[in-house]
Every structure is written in C-alpha cells, then in structure tokens.
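When reading the values below, keep in mind they use all heavy atoms of this one structure, side chains included, and skip hydrogens, waters and symmetry mates.
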Amino acid sequence: MGCSKWRAAFNFGHLKVQSKLSVFFTMIILFIYLFYCLNGYCDSLPRPVYDQQSNLQNKIILKDGQETEQLGAYNAPPVSFVREQLSDLTNSDSTSNNISIANNFGSKKFPQAIIIGVKKGGTRALLEFLRIHPDVRAVGAEPHFFDRFYEKGLEWYRNLMPRTLEGQITMEKTPSYFITKEAPRRVFSMSRHTRLIVVVRDPVTRAVSDYTQTLSKSPGLPSFQNLAFRNATTGLIDTSWSAVRIGIYAKHLENWLRYFPLSRFLFVSGERLVTDPAGEMGRVQDFLGLKRVVTDKHFYFNQTKGFPCLKKPEGSSRPRCLGKSKGRPHPQIPSEVLLRLRDFYRPFNLKFYQMTGHDFGWE
C-alpha cells in the first residue's frame, strides 16, 4: 500500500517535469522564430504564387530602371497601356517558384520590322510616331548590330530588344544599314520575313542636312562645296563623301533586292512625313499589319521647328517634339552647287522611282 502511494507520487512528479520541459522548449522555439522575423529572415520564406504575381503587377519599371507608382494610381489606365508597361517589367528572366517572366510579361524576340534607312531622312521622327502605337515595342537607341556589332552574335542582339506580348511587334532602327554592303545578307540570315522600312528624302536636301549635322560637331569643317566636288572647275562630284553617297538610293536598293523581294519594303517619304504625318503613318501601320491607331489627332505642326510634333500625351504636362538636333537651320549653299548636285542625282532618282514604283517628286 505504501509502495503504491510512492509510485503514484513519483509518476505525478515525473509528468509535471515533462510538462515543464515541453513548455520550456516551446518558448525557446517561439523566441527563436520571433528573433528571426524581427531581423527580416522571414522575408525569404516562400510566398504563395498569387502573392508573388500581385507584387510583380503592382510595380512598373520604367526604361531607365526606376520604379514608378502602383497601377492603381493611374486611375484605371487603358488595357493597352498596362500591357505595354508590363511587357517591360523587369530585366530578370525568371523568379522563384519557377514563375517565368517570359511567360507572364512577354519575351524578347528578334525584330519583325526594321527601319533600315536613311540617315537624315526622318527615321527618328518615324520611330517616335510609331511608339505611340500600343502594339509597337521599339528599341530607343540605334543597335548598329548588322553594321558594327555583328560579331557579338544574334543572342546579344535579341537581348537588346524590349519584351513583347502576343500581338505586339518588335522594332529597331539603324539608318546606316541601308548603305552597309553586308547588312542585307545578315538580316536575311536572321529572318527572310523581316519587314524593311526605308525613309527617303530629296538627296540634295538630305546631303545638306547631313553636312549641317556634322558641322555642328566639327565647326572647322571645310565648306559644303569643297567636300561635294572632286574638282570645282569640272563639276565632278565626289561620291566617296558619305553625305553624297547615301543619296544614291537606287544603288543601295539593288544590294538589298538581291536578298529581299520588293514586297518586304515600304518606302516612306520624308517630305510627306512632315507635311502629312498622319497620312504617311497610315501607310506604315497598314504595312506592319497594325490597326490605324496613330492618326491626325496625335499631331500638330510646330512653326518654330518647322515639322510636326506629338500633342501632349496623356499624363504629361507638355507636348513632345524631337530634340534640338532636329530642325537645325541649314547654311547657305551657292545655288550653282545645288544645281550641279541635282543634275548628278537626277538619273539615280529616276531609276529609284522605277525600282520602287513610286514618284517622290524630287525634281
């Protein structure tokens, strides 16, 4: 009887010790957990998939890499705007839990269309006008891949491209492609289905504009006539000068037609891009298979600069014009120099009209 009582007391005491130990270890675990959370370690724990996706969608990263406000701050923007911004969301190709940015917010593709020329023809204006369209995603800077950096490889080139969603077109513009001998073959090797846009302008005016740009960077440049002629007495034109050589459009087009049929080209008038930007943009959008979103409501003519500007974009405080380098006043060139140069270009212009089936009216 005494032994039974002693055993019961012992067992009860043993249970009390076990209970106290359990409480003690539980408190230690809670303390460690709280310590880790207070020091930020809990942030590394995996979160639900829907939570990660909502965090991605709540941030838009601008082209310069800076974050802007959450989408809700845009007062319910159009779907096309959200789609365009989300396609540029991040430079990372994957996130945790195997969520692929490429699958959710677009992927980087080779350009389906390239503005290949010409320098000082209006390529920058065309690209800026096109970027209004929600289904166009374009590289801002000129990649110069097919003329300067081809040895870097196609994957390097593709990584320069912005992310696009289904139904969007990837584009780039590098005007020097048009006069680069190797460019047609290289573009063809990438894709024979690439659409090619050439912005052309009266070659005489274009040459003067080219010279004006160079003169602004090199004030000690010789006069236009000294560079344009090999011999001023005979009037022999120096075709080795790039400002003159670029304007021989027929010669450069022949090189491209060895690889691409004429149907893959659109020739945009630089003059019409100034006098009727909406009309010329309609042709471009049709060529790219896009809905005509960019219309005359987007433009106004800036009398000071002498060419059209984009009206104030939604959410912006002022209209958008091209930079100071556009619309520079040209230096005075002697009329006899311009006449000789026009005579030089005439047969090449006529051949270009025949090749393209379009009279640009440069005579």
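The number of heavy-atom neighbours closer than 6.0 Å to NZ of Lys109, taken from other residues, nucleotides and ligands shown, is above 12. The environment of Glu151 atom CD is dense: over 12 non-hydrogen atoms of other residues, nucleotides or ligands sit within 6.0 angstrom. The local environment of CZ in Arg192 is sparse, with at most 12 non-hydrogen atoms from other residues, nucleotides or ligands closer than 6.0 Å.
Glu172 has no carboxylate O lying under 4.0 Å from a charged side-chain N of Arg137, or vice versa, which leaves the two without a salt bridge. Between Lys291 and Asp135, no side-chain nitrogen of the basic residue sits less than 4.0 Å from a carboxylate oxygen of the acidic one, so the salt-bridge criterion is not met. Arg342 has a carboxylate O that lies under 4.0 Å from a charged side-chain N of Asp202, or vice versa, which qualifies the two as a salt bridge. Remark: Glu271 does not engage Arg201 in a salt bridge, criterion side-chain N to carboxylate O under 4.0 Å. The existence of a salt bridge linking Arg340 and Glu336 is excluded, since no basic side-chain nitrogen approaches an acidic carboxylate oxygen closer than 4.0 Å. Taking 4.0 Å as the cut-off between side-chain N and carboxylate O, Arg283 and Glu280 count as a salt-bridged pair.
Closest approach of Ala138 to Arg131, counting heavy atoms only: O-NH2, 3.9 Å.
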Show, in sequence, the C-alpha distance, side-chain angles and deciding distance for Arg258 and Glu254, and conclude whether the salt bridge (Lys or Arg N to Asp or Glu O under 4.0 Å) test is met.
CA-CA 7 Å; Arg258 293 190 181 101; Glu254 282 178 344; 5.4 Å; no
CA sep, side-chain torsions, deciding dist, call: Arg206, Asp210, salt bridge (Lys or Arg N to Asp or Glu O under 4.0 Å):
CA-CA 6 Å; Arg206 197 221 66 81; Asp210 196 338; 3.1 Å; yes
Which is it for Arg158 and Glu155 under the salt bridge (Lys or Arg N to Asp or Glu O under 4.0 Å) test, yes or no, and what are the steps along the way?
CA-CA 5 Å; Arg158 181 164 62 178; Glu155 281 306 304; 2.6 Å; yes
How far apart are the C-alpha atoms of Lys173 and Thr123, what are their side-chain angles, what is the distance that settles it, and do they pass the side chain to side chain donor-acceptor pair (under 3.5 Å) test?
CA-CA 7 Å; Lys173 79 108 177 170; Thr123 58; 3.1 Å; yes
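Here the side chains of Tyr259 and Val187 are not in contact, with every heavy-atom distance at 4.5 Å or above.
In the hydrophobic clustering of ILVMFWY residues, with side-chain heavy atoms under 4.5 Å counting as a link, Leu196 and Val268 come out apart. The same ILVMFWY cluster, assembled from side-chain heavy atoms under 4.5 Å apart, contains both Leu262 and Phe352. Note on Phe105 and Met161: separate hydrophobic clusters, where clusters join Ile, Leu, Val, Met, Phe, Trp and Tyr whose side-chain heavy atoms are under 4.5 Å apart, directly or indirectly.
Taking the ring centroids of Trp362 and Tyr249, they lie under the 6.0 Å cut-off.
Checked against Leu130 for a side-chain contact (heavy atoms from CB on, under 4.5 Å), the options Ile169, Leu288, Val294 give a single hit: Leu288.
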